[in-house]
Peer 1: 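Here it is: the structure, laid out below.
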Amino acid sequence: MLFVRSPSIIFAFIYSIVSISLTILSFDIIYTHPQQQSQLLIILPPLNIIFLFLSALIWTERHFRLTYVPTICLFILLLSSLALTIISYLLLSISIIFYLNFIFYLLFSILLSFMILTIIISFFCSSLTMYRYQNLPPVEQQNSQLLNNDAICQFDKFTLKSNEKEFFLFVSKLPFDSMNYDMNIIINNLNQIDVDTILTLNEMNKPSNMNMTNDNHSNTDSYSMQMKQANIEHIIYPINARYIPKSISDYMQFLYAIILSFNQFNRNRLFIHCAGDMGRIGMTIICFELLYELITNENQQESKQNLIERVCHYPLLLDHCCRVCKAISNVRKIRPRGIDNPLQIIYVHEFYARLKAASYMQQIKLITNQKYTMNNFEEIQ
């Protein structure tokens with residue numbers, strides 16, 4: 001059952017238990033010492049619980065107009081928690097219970113501030129990336145500086161193994177945000193490592209270093225056409241820079257369809273890229289590793305998800321007792337800064353929780369097999 005596996009929902013449950021307990025303990029004291037502001041210690045906690053559960057349930061499924069709802073909920077929770085912290089501080093002289101209230105809501109306010117700050121930084125990084133590409137030198141000028149640079153042809157290689165097959169994921173050693181590339185150079189480099197498919201993680205309406213024309217304008221259609229002429233399939237799953245996919249179920253269906261397609265057509269080499277070649281790629285490689293392990297070893301789904309895997313333990317990297325942390329370590333061994341965004345790290349934990357939910361995965365497999373053909377990704381993108 002997903003509700004007992006998701007770190008976000010379990011965190012909401014723990015918060016609810018502690019908050020309700022403190023509210024019950026404070027009730028008699030507030031009744032004995034009635035003050036206008038003290039009544040908020042009874043009113044606000046239940047409202048906080050509602051907003052926290054709402055945010056925990058939909059932050060990985062932000063369809064249509066739900067995109068900004070989790071962020072709005074976090075802002076409301078922060079304001080409410082700050083108010084509870086201040087009220088508890090003003091009532092410290094009445095009872096030790098208010099000390100507990102003060103400490104609890106202060107810590108929660110700090111946590112919320114950190115989460116909101118992470119979201120704001122992610123948003124501005126995406127905007128700065130867009131601005132940087134609009135002010136890059138022409139592609140031809142940059143290529144002239146790189147033609148004799150052997151580093152262009154160097155790739156990081158991630159190998160996913162099963163009993164019978166191997167699945168190779170390639171990422172450029174040089175981040176693509178540092179330089180633009182000529183299409184002939186790109187194709188020649190990819191042919192050297194026998195790449196079957198390219199996965200682009202940039203937003204459709206934003207430029208990428210690999211689909212830029214000489215006047216620094218994005219031309220994804222032209223890029224895809226040239227790749228098709230070189231017998232390399234080009235697929236796109238847009239994700240905001242330093243952010244996460246809008247729908248975890250759609251994202252899982254997309255990755256699942258890629259793996260099934262590769263198995264059906266005997267492909268095993270995928271090149272992944274985005275603007276910065278860091279967070280989004282690291283997150284996708286980890287999800288590929290976890291999902292590929294599930295598909296190639298169906299009995300793994302029945303294995304138990306231990307307590308540590310169900311509870312958010314960021315920033316601790318417990319790779320000896322957490323499968324997700326082990327996958328993060330595997331990526332960082334090859335790319336030290338492959339994934340370091342807290343939002344993306346928590347997201348892959350949520351991804352793994354859904355992999356371990358048998359009923360959820362049955363639905364994902366059913367939808368993927370029925371809705372999408374193995375050689376056509378247009379409906380998923």
Peer 1: Connecting only ILVMFWY residues whose side-chain heavy atoms lie within less than 4.5 Å of each other, what is the rest of Ile17's hydrophobic cluster?
Peer 2: none
Peer 1: Would you say Asn268's side chain and Phe168's backbone share a donor-acceptor pair under 3.5 angstrom?
Peer 2: no
Peer 1: Does atom CG of Leu316 have more than 12 heavy-atom neighbours from other groups under 6.0 Å away?
Peer 2: yes
Peer 1: Would a distance-only check, ignoring hydrogens and angles, find a side-chain to backbone donor-acceptor pair under 3.5 Å from Ser55 to Phe51?
Peer 2: no
Peer 1: Say you draw a straight line from CG of Leu199 to NE2 of His273; how long is it, rounded to the nearest 0.5 Å?
Peer 2: 8.0 Å
Peer 1: For a quick test of your reading: what N or O donor-acceptor pairs under 3.5 Å do the side chains of residues 79-91 make, sequence neighbours left out?
Peer 2:
from, atom 1, to, atom 2, distance (Å)
Ser80, OG, Asn48, OD1, 2.6
Ser80, OG, Asn48, ND2, 3.2
Ser81, OG, Leu77, O, 2.8
Thr85, OG1, Ser81, O, 2.7
Thr85, OG1, Tyr105, O, 3.2
Thr85, OG1, Leu106, N, 3.4
Ser88, OG, Leu84, O, 2.8

Peer 1: Indicate every side-chain donor-acceptor pair of residues 341-348 with a distance under 3.5 Å to a residue at least two apart or in another chain.
Peer 2:
from, atom 1, to, atom 2, distance (Å)
Asn341, OD1, Leu343, N, 2.9
Asn341, ND2, Arg242, O, 2.9
Gln344, NE2, Tyr243, O, 2.9

Peer 1: For Thr159, enumerate each residue passing the side chain to side chain donor-acceptor pair (under 3.5 Å) test, keeping only those at least two apart in sequence or located in another chain.
Peer 2: none
Peer 1: Check for a donor-acceptor pair, side chain of Arg354 on one end and backbone N or O of Tyr360 on the other, with a separation under 3.5 Å.
Peer 2: no
Peer 1: Taking Ile339's backbone N and O only, do any of them form a donor-acceptor pair with Arg332's side chain (distance below 3.5 Å, no angle check)?
Peer 2: yes
Peer 1: Which ring pair (Phe, Tyr, Trp, His ring centres under 6.0 Å) pairs, counting each pair once, include a residue from residues 314-333, with sequence neighbours left out?
Peer 2: none
Peer 1: I'd like to know if the side chain of Asn306 and the backbone of Cys321 have a donor-acceptor N/O pair within less than 3.5 Å.
Peer 2: yes
Peer 1: Decide if the gap between the ring center of Phe288 and the ring center of Phe351 is smaller than 6.0 angstrom.
Peer 2: no
Peer 1: Who passes salt bridge (charged side-chain N to carboxylate O under 4.0 Å, His left out) against Arg323, sequence neighbours left out?
Peer 2: Glu289, Glu293
Peer 1: Could you tell me whether a side-chain N or O of His349 sits under 3.5 Å from a main-chain N or O of Cys312, the two making a donor and an acceptor?
Peer 2: no
Peer 1: Salt-bridge test for Lys356 and Glu309: reply yes if a basic N is under 4.0 Å from a carboxylate O, no otherwise.
Peer 2: no
Peer 1: Using the ring pair (Phe, Tyr, Trp, His ring centres under 6.0 Å) rule, take Phe167 and Phe158 through it: C-alpha gap first, then chi angles, then the decisive distance, then the call.
Peer 2: CA-CA 8 Å; Phe167 186 22; Phe158 298 85; over 10 Å; no
Peer 1: Check whether Phe53 and Ile116 end up in the same hydrophobic cluster, where Ile, Leu, Val, Met, Phe, Trp and Tyr are linked by side-chain heavy atoms less than 4.5 Å apart.
Peer 2: yes
Peer 1: How far apart are the closest heavy atoms of Met361 and Leu355, and which atoms are they?
Peer 2: CG-O, 3.4 Å
